[in-house]
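So that the names make sense, note that chain A is the first sequence line, chain B the second, and so on, each numbered from 1. Model, not experiment: these values are computed from the prediction.
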Number of protein chains: 2
Amino acid sequence: MQKTRIKTYDRIVQQSLTLFNEHGERSITTNHIAAHLGISPGNLYYHFRNKEEIVYQIFLLYRGFITERLAVPQDRAMDVTDLVNYLDTAFEAMWRFRFMFYDLPGLMARNPQLQRDYHQFVHNEMKAILEGHFREFIRLGLLQMALEDIEAVSINIWLVVKFWFAFEQTARPNEPINEASGHRGVRQVLALLKPYVSPEFLPLFQQQLVRHLQP
Amino acid sequence: MQKTRIKTYDRIVQQSLTLFNEHGERSITTNHIAAHLGISPGNLYYHFRNKEEIVYQIFLLYRGFITERLAVPQDRAMDVTDLVNYLDTAFEAMWRFRFMFYDLPGLMARNPQLQRDYHQFVHNEMKAILEGHFREFIRLGLLQMALEDIEAVSINIWLVVKFWFAFEQTARPNEPINEASGHRGVRQVLALLKPYVSPEFLPLFQQQLVRHLQP
C-alpha cells in the first residue's frame, strides 16, 4: 500500500510538470491532472491539498537538480569543459522546468511558500555557488577578471538564463519554445563570459560557442 | 470643442499610464480610469473603444520617446557621455512606462495590435539602432570589439534592460520598484559593456559606473 501511495505521488508530480510545461500552469487544474492520470480528484486530494503544493514539489525537484549538477567536483580540478557544462545544466534546468519561467512573478504571487523558498535558494545559495565557481575559474587561470566584477557578471548571467525563454517568447511570438531556443540562450551566456576568457583557453571556448550556434 | 476633446484624450492616456504604473494594467478598468478623471464612462468610450486602445496609445508614446532620445546627433561626434546617456534613456523609458514590463508576454497576448507593432519596433527598428550605435562607438575608438560580437552583446543589453524590473521584483519581493532599481539596472548594463571599453576611456566610464552605484 505504501509503495502504491508513493508511486501515485510521484506520478502526479511528473505528469503535472509535463502538463504545466505544455499548456502553462495557469490553464491546468487539479481536475485536468487527475483526468490525465486516470485517477479520481479525491485520490489526487489525498496526496495534495491543492495545485500550489504540487508546484512546490516541482520546485524542490528543480532545486535538487541544480544543486547536484552545479556542485564543485571534489576529486579533480575544474576545466573549461566544466564551465560550459554548468551553463548547459542551467539551461537544461530551465528547459525541464520551463513552465516556472513563463511568468515567474505571477506564479510566486499565487504561492507564498514557493516565493519564500525560491527567493532564499536563488539569492543566498545560488549566488554563493555562482560566485564560488567564478573565483575557482579565476584561480585556475581560465577566466581573467577583477574580483569586484564577479557580482555584476554573475547577476547578468543569472538574469539572461532566467528570462531567456520569456525573451524568446516575445521575440518569436509565433514559434514554440524548443531546444534551439535553449542553444541560443547558452550562446548569449557564453557571449557574456567571452571577454573574460584567458587567451590560451579562447580556442576551446570558441569551439563550445560554435557547438551552440549549430543546435 | 475640438480643443476639449483633444485635452480629454491626452488626459485619459496620461492618467491611465499613471494608474497602470501604480497598480498594474490588469487591475485597472476603464471605469477606474473614468472615475479617476472625474468623467463618465460614456465620455471615455467616446474617445477609446476599450482599454487595449489606451494601452496601444501609451506604447506609441514609449516608441516616440525612445526613437527621439536614441537618435544619433547630426551636428557633432558622439562621445562616452552619449554612450551612458543612451543607457539612461533606456532605463528612463523603462521607468516611465514600467507597467508594460511587469508582464509583457501577458500584456501582448491580450492585445494583438500591440504585439505586432511592439515586435516590429524592437526586432527591426531597435535592433538596427542599437547595432548602428555600436558600430559608431567602435569607429570612434570608444569600444574595442569584433563586429561579429555586436549582435550577441546588443541582445544581452536589450534583455537586461527589458527584464531588469521583473528581475528586481523577484529578487526583492517586498520592496517597491523605485528609481534605485533603475540605477542598479544601469550598473548591470555598464558591466556588460565594461570589458569592451578602450583603456583610455575606462576612467571616464568608471566615473559613470560609480555615479550609478550611488543613486
[X], [atom1]: over 12 other non-hydrogen atoms inside 6.0 angstrom:
{"X": "A:R26", "atom1": "CZ", "answer": "no"}
{"X": "A:R49", "atom1": "CZ", "answer": "no"}
{"X": "B:E68", "atom1": "CD", "answer": "no"}

Which atom of A:L159 lies closest to which atom of B:V160, heavy atoms considered: CD2-CA, 3.8 Å
Minimum heavy-atom distance between A:F163 and B:F163, given as atom pair plus value: CD2-CD2, 3.3 Å
Heavy-atom donor-acceptor pair, A:N156 side chain to B:Q188 backbone, under 3.5 Å: yes
Evaluation steps, side chain to side chain contact (heavy atoms under 4.5 Å, CB included), between A:K194 and B:V153: CA-CA 10 Å; A:K194 192 181 162 200; B:V153 177; over 6 Å; no
Most chain B-contacting option - heavy-atom pairs closer than 4.5 Å, from A:D149, A:I155, A:V189: A:I155
